[in-house]
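Data block below; observations after.
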Amino acid sequence: MSDTSHRRHPGGIPRRSLLAATAAGGGALGASWLLTGCSGTNGGTAANAIPTVALAGKPSSGGTLKIARPPASDAENLDSASSLSAYEYLGALYNRLVRVGSDGNLAADLAESWEPDAKAITWTFHLRRGVTFHDGRAFTSADAAYTLRHILDAKTASPQAAVLAPLVDPKTLRTPDAHTLVVPLKTPNAEFPSLLTHYNCYVIPNGSGTSIGRTGIGTGPFKLVSFTPAGAGRVTAYADHWQGRPVLDAIDFYSVADTQARSNALLAGQVHLISQTNLDFATARVVAASDRATIARVKNAQWYVLPMLTTDKPFNDVRVRQAMKLAYDPEYVLKVALQDAGSAGWDNPVPPSDPYYVAQHPTHDPDKARSLLKQAGHEGLAVDLYTSSYDPILTPMALAYQDSAKRAGINIRVKTASADSYYTQIWMKKPLMTSYWYTGRPVDQLLNQIFRSGSSYNETAWSDKSFDALIDRARRETDDTRRRDLYAEAQQKIMTDGGEITPMFADRLVGISRKVRGYAEHGFEFDYLGIGLKGA
């Protein structure tokens with residue numbers, strides 16, 4: 001699934017005022033809903049009219065940032081390892097051992113440095129000194145080791161366990177001193193530290209597995225005041241944070257069910273930031289033209305896909321999968337669905353900014369697609385494509401693909417399902433559907449988590465033992481050039497044989513108040529330490 005996986009407190013926004021804001025702003029914004037991406041007219045002009053960066057300048061010290069987020073499951077919690085974690089809170093409350101920097105390379109977090117042995121089978125992490133958790137206890141190697149064991153514990157049901165379990169035996173972890181963690185691997189992996197950058201890998205206190213979902217005790221720049229699953233919550237500045245006190249005094253989180261209601265709350269000045277919401281372009285233009293709000297644009301932040309279930313007919317035939325990819329023009333889908341605010345995907349899930357990205361790809365060829373379908377006995381193929389309003393880009397993408405694939409004689413019947421049950425009733429259940437993911441995963445994680453045989457996130461159920469062997473070889477390869485070649489070969493195999501149709505990478509259009517300064521986002525989270533408000 002896409003990465004989606006609070007009640008009252010002083011100063012809270014009552015639900016009635018949010019509904020009032022929706023009604024008050026519904027004239028302009030409600031009308032804009034009819035203009036979203038599927039027409040594709042004047043796409044370049046529309047995309048260029050939207051700001052490309054957040055407002056510059058230094059924030060004032062103090063103040064409370066108000067964030068509107070989509071409602072989540074009533075079972076969501078603050079355990080970062082859990083599949084039900086409340087994502088918006090994680091970067092505020094916790095740190096990881098290793099993070100991904102804004103340049104896409106690994107950067108130090110709670111681990112100051114790390115190195116492998118000659119065969120990349122044993123990794124040693126040197127941990128930062130002088131770090132404390134929110135309850136005052138010192139961060140040590142015991143906490144780092146416990147965090148890994150907690151992720152790997154079957155009772156935690158962490159999505160990251162499937163990535164780490166083939167590599168790490170929790171019984172072999174060593175802590176020779178309070179500031180050193182040694183991780184012996186089952187097999188060599190030259191990219192192992194990159195796997196610890198995932199949002200399931202935030203460090204928690206030793207022994208806190210049964211309570212962390214409620215307490216949120218971490219080493220991050222903010223500490224928890226209140227949290228309600230699928231409801232409101234509040235965090236306040238942690239003055240003893242190892243990087244210094246954050247700019248803000250506090251962050252308030254509000255759960256608002258409807259995209260339009262979140263946007264209208266922003267336009268009404270009731271919130272400063274909309275999280276986990278990629279605005280459609282008509283709405284983004286309304287927001288950018290307002291005197292209270294604007295748009296922060298995050299380049300290629302999401303990748304959009306049409307997963308084909310490779311266990312179901314007709315997509316269990318590789319010729320049909322290849323035809324579905326050759327039949328459409330990614331550049332056309334990009335223009336119509338995204339109005340050119342993004343990059344063509346060409347069925348490669350690795351984003352163009354990734355150091356391992358390969359640009360070579362099969363070209364759009366509807367005649368070859370026809371030929372392949374005829375060979376497979378599916379000439380004049382007609383299939384249902386399921387979509388929903390869960391994300392505003394899904395349906396425009398489906399309609400653009402439908403239009404483009406006609407040239408190959410493919411009849412796509414677009415079916416709109418309920419957004420509320422889309423990821424429980426449609427995703428990974430229907431033979432052809434729409435979906436999206438956040439970029440920012442290191443290549444080893446991306447290929448293993450979403451494309452390896454048997455992975456719980458393998459949304460096409462594609463199983464190719466030669467592909468699995470290829471990414472295993474890449475993991476073990478310590479020579480950078482040879483490892484790059486292996487990852488390139490893996491990408492080519494996904495493009496030609498895999499079940500994912502990847503038309504495009506999308507810039508995420510984030511609704512943000514004109515008061516916000518210091519907004520910088522990378523890999524599904526922003527800089528909680530430096531963000532603030534002008535005139536707070």
Side-chain angles (χ1 to χ4, degrees), residues 1-5 36-38 69-70 72 83 87 159 199 259 262 274-281 283-284 297-309 325 328 330 333-334 336-354 385-402 414-430 432-441 445-446 449-451 455-460 494 498-511 521-525:
M1 171 171 122
S2 61
D3 309 290
T4 55
S5 354
T36 53
C38 59
R69 69 187 193 112
S83 60
Y87 304 109
Y199 58 73
T259 301
R262 291 194 291 275
I274 306 175
S275 71
Q276 283 202 57
T277 304
N278 187 14
L279 297 179
D280 67 85
F281 291 93
T283 303
R297 192 156 151 179
V298 187
K299 181 71 175 170
N300 289 342
Q302 295 175 207
W303 53 287
Y304 284 86
V305 291
L306 304 171
M308 300 176 281
L309 268 184
K325 295 177 183 183
Y328 82 105
V333 176
L334 174 69
V336 172
L338 288 181
Q339 304 188 38
D340 285 328
S343 305
W346 293 103
D347 303 319
N348 185 355
V350 178
S353 58
D354 191 283
L385 169 56
Y386 285 83
T387 186
S388 83
S389 61
Y390 186 93
D391 177 275
I393 307 302
L394 294 181
T395 297
M397 173 179 65
L399 294 170
Y401 179 86
Q402 175 193 53
V414 175
K415 306 285 187 181
T416 302
S418 169
D420 292 344
S421 58
Y422 186 75
Y423 275 100
T424 56
Q425 302 299 320
I426 303 297
W427 184 65
M428 295 182 71
K429 291 182 172 62
K430 297 297 184 181
L432 183 63
M433 60 213 125
T434 59
S435 185
Y436 74 100
W437 300 80
Y438 289 97
T439 56
R441 286 173 172 80
Q445 169 120 358
L446 169 64
Q449 190 173 49
I450 302 174
F451 297 95
S455 169
S456 61
Y457 274 5
N458 184 337
E459 62 185 348
T460 68
I494 290 171
E500 294 273 40
I501 300 168
T502 302
M504 60 203 182
F505 295 91
D507 297 352
R508 185 159 68 254
L509 305 179
V510 181
E521 182 182 341
H522 177 73
F524 189 46
E525 57 198 22

**OP:** Dump the intermediate steps for side-chain contact (heavy atoms from CB on, under 4.5 Å) on M397 and L338, then the final yes or no.
**Re:** CA-CA 8 Å; M397 173 179 65; L338 288 181; over 6 Å; no
**OP:** Can you see which heavy atom on A417 is nearest to which on Y422, and at what distance?
**Re:** CB-CD1, 4.1 Å
**OP:** Kindly give the heavy-atom pair with the smallest separation between M433 and I426, and that separation in Å.
**Re:** SD-O, 3.8 Å
Subject >> Shortest non-hydrogen contact from P503 toward V333 >> reply: CB-CG1, 3.8 Å
**OP:** Would you please test Y328 and D347 for side-chain contact (heavy atoms from CB on, under 4.5 Å) and show each step?
**Re:** CA-CA 11 Å; Y328 82 105; D347 303 319; 2.7 Å; yes
Subject >> Residue pair T424 / K429: nearest heavy atoms and the distance that separates them >> reply: O-NZ, 2.9 Å
Original post:
How far does CZ of F281 sit from CD of Q339, to the nearest 0.5 angstrom?
Top reply: 6.0 Å
Original post:
Name the one of V336, I501, V414 that satisfies side chain to side chain contact (heavy atoms under 4.5 Å, CB included) with Y401?
Top reply: I501
Subject >> Nearest-0.5 Å distance, CG of residue L394 to CG of residue L306 >> reply: 9.0 Å
Original post:
Between the side chain of S389 and the main-chain N/O of A419, is any donor-acceptor distance below 3.5 Å?
Top reply: no
Original post:
Are the side chains of E500 and W437 in touch, meaning some heavy atoms are under 4.5 Å apart?
Top reply: yes
Subject >> W303 vs P349 side-chain heavy atoms within contact, under 4.5 Å >> reply: yes
Subject >> From CG (L446) to CD1 (I494), nearest 0.5 Å >> reply: 7.0 Å
**OP:** Drop me the distance from E459's CD to F451's CZ, to the nearest 0.5 angstrom.
**Re:** 7.5 Å
**OP:** Return the minimal non-hydrogen interatomic distance between L385 and A398, and the atom names on each side.
**Re:** CD2-CB, 3.6 Å
Original post:
Hey, are the side chains of M428 and P307 touching, using non-hydrogen atoms and a 4.5 Å cut-off?
Top reply: no
Original post:
Which pair of non-hydrogen atoms, one from K299 and one from G342, has the smallest distance, and what is that distance?
Top reply: NZ-O, 4.0 Å
Original post:
Just by distance, with hydrogens left out, do Y423 and S435 show a side-chain donor and acceptor under 3.5 Å apart?
Top reply: yes
**OP:** Could you go through the side-chain contact (heavy atoms from CB on, under 4.5 Å) check for Q302 and I393 one step at a time?
**Re:** CA-CA 11 Å; Q302 295 175 207; I393 307 302; over 6 Å; no
Original post:
Roughly how far, to the nearest 0.5 Å, is the OG1 atom of T439 from the CZ atom of F505?
Top reply: 7.5 Å
**OP:** Drop me the distance from K415's NZ to T434's OG1, to the nearest 0.5 angstrom.
**Re:** 14.5 Å
Original post:
Side chains of N300 and S343: do they bring a donor and an acceptor to under 3.5 Å?
Top reply: yes
Subject >> Evaluation steps, side-chain contact (heavy atoms from CB on, under 4.5 Å), between M308 and L432 >> reply: CA-CA 5 Å; M308 300 176 281; L432 183 63; 3.7 Å; yes
